[in-house]
> 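Can you keep this structure in mind? I'll have questions shortly.
All chains are named by letter (A, B, ...) in the order of the sequence lines, taking the proteins before the strands, and each is independently numbered beginning at 1.
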Number of protein chains: 2
Amino acid sequence: MVKRTSFENDDCPIARSLDAIGDWWSLLIIREALFGSRRFGEFQKSLGLAKNILTVRLRALVDQGILKLAPASDGSAYQEYLLTPKGRGVFPILVALRQWSEEFDDHPAEIATILVDKEKGRPVRKLELYSQDGRLLTAADTALKPRRDSKSSRKLRSISA
Amino acid sequence: MVKRTSFENDDCPIARSLDAIGDWWSLLIIREALFGSRRFGEFQKSLGLAKNILTVRLRALVDQGILKLAPASDGSAYQEYLLTPKGRGVFPILVALRQWSEEFDDHPAEIATILVDKEKGRPVRKLELYSQDGRLLTAADTALKPRRDSKSSRKLRSISA
DNA sequence: CTATCTGGTTTCATAATGCAACTACACAGG
DNA sequence: CCTGTGTAGTTGCATTATGAAACCAGATAG
């Protein structure tokens, strides 16, 4: 490295997401925030990470517009970290990660929690990907097309799944 | 760190996934594999990462059953890296990361590709999460339940989205 | 039989991460 | 007013991960 490779100028949206939240702690911080953690100390205790790392991560997440700082809601003079819409938009990523573990982990018995639908308390279904006309798609049914495609470049990179 | 924190014994499935594929390169390697890359050199050229790093990552992915080694299909004496079902199961995670960039990235114009349905060539819809009885769910409609829940522990950790 | 390709390994420098100790401010009680 | 506790960090130092570039051995190509 000498300097950790940054993907922020990569034209692949996956690389861009990873550049923003692809480190060891950011997604877990966002997970905790979705569960209601707001204060520095809450994140620190629930995740058990070093405070200096948490400081750096929280600042980065605020800089990226994933969290925002707000005056504390409990009357104290401190402040709290709240999710922005961009931060809440991470939810499907967390669900995808969770479901991958549930399906393929070697020791699923050690998984402690299940994501349920709040109204009925029943487990949710797997994430589904549909075409615009409503067909359920698998990886093999999709392809990548260059944006701003001139009709000429009709080369679709097929996803061989 | 002194020793990078491992999440593999964490009981959170998200942490477990991150422990397996949450580093800087694994997801991009899997992305390339989904597009058809099979050989060491292909990964190295398309991703532009150092060969020593690629060596370590590929070995880890094989150890985890995400890739498997097979004799080269082109007749040469070399071998190639193929995705296992577990590896192909990463697809929804990549889609979720892609869609998050597409929706929230500050410079969406720089995103080069669009995921389309192969049959019609039209962009896919966003990933959807449904309850078992078919209601479309948002983060706010979900909660976490402990696994093997005794009826007593009816405390659902609500997701405050 | 030499040259090149493939798939690495080795060496060295630098960046990221972790733990622990320290600081600064707010508030609560006596 | 003084002390203690909680919050939210910062600083120093040690260890690990990552990267660039050089090196290397076995296949393959000419």
> Over how many whole Å does the gap from Leu69(A) atom CG to dT7(D) atom P extend?
17 Å
> Mind telling me whether Phe43(A) and Tyr81(A) have parallel, tilted or perpendicular rings, with 30° and 60° as the class edges?
perpendicular
> Checking all strands, does Gln44(B) fall into the base, sugar-phosphate, or nothing category for heavy-atom contacts under 4.0 angstrom?
nothing
> Hey, are Arg38(A) and Glu42(A) close enough for a salt bridge, meaning a charged N less than 4.0 Å from a carboxylate O?
no
> May I have the distance from Leu58(A) (atom CG) to dA8(D) (atom C1'), rounded to whole angstrom?
10 Å
> Rounded to whole angstrom units, what separation is found between the CZ atom of Arg38(A) and the C1' atom of dA8(D)?
18 Å
> Reading DNA chain D from 5' onward, which residue's closest nucleotide shows up sooner: Ser76(B) or Val56(B)?
Val56(B)
> So which one's nearest nucleotide on DNA chain D is more toward 5', Glu42(A) or Lys51(B)?
Glu42(A)
> Taking donor-acceptor contacts at under 3.5 Å, does the side chain of Tyr78(A) reach the base of dG6(D)?
yes
> Taking atom C1' of dA17(D) as reference, at what distance in whole Å does atom CD1 of Ile53(B) sit?
7 Å
> Rounding to an integer number of Å, can you tell me how far Arg57(A) CZ sits from dG9(D) P?
15 Å
> Can you measure Trp24(B) atom CH2 to dA16(C) atom C1' for me and round it to whole angstrom units?
10 Å
> Taking atom P of dC27(C) as reference, at what distance in whole Å does atom CG of Asp74(A) sit?
10 Å
> Can you check the Leu54(B) CG to dA20(D) P distance for me, whole Å?
13 Å
> When you measure from the side-chain N and O atoms of Arg39(A) to the phosphate of dG6(D), is any distance below 4.0 Å, counting only OP1 and OP2?
no
> So, is Tyr81(A) near the phosphate of dG9(D), with a side-chain N or O under 4.0 Å from OP1 or OP2?
yes
> Closest-nucleotide mapping onto DNA chain C: is Ala77(A) or Asn52(A) further toward the 5' terminus? I mean the 5' end.
Asn52(A)
> Does the side chain of Arg59(A) get closer than 4.0 angstrom to OP1 or OP2 of dT10(D) through an N or O atom?
yes
> Any side-chain heavy atom of Trp100(B) sitting closer than 4.5 Å to one from Ile21(A)?
yes
> Any salt bridge linking Asp141(A) with Arg135(A)? Criterion: basic side-chain nitrogen under 4.0 Å from a carboxylate oxygen.
no
> By salt bridge (charged side-chain N to carboxylate O under 4.0 Å, His left out), which residues pair with Lys120(A), not counting sequence neighbours?
Asp133(B)
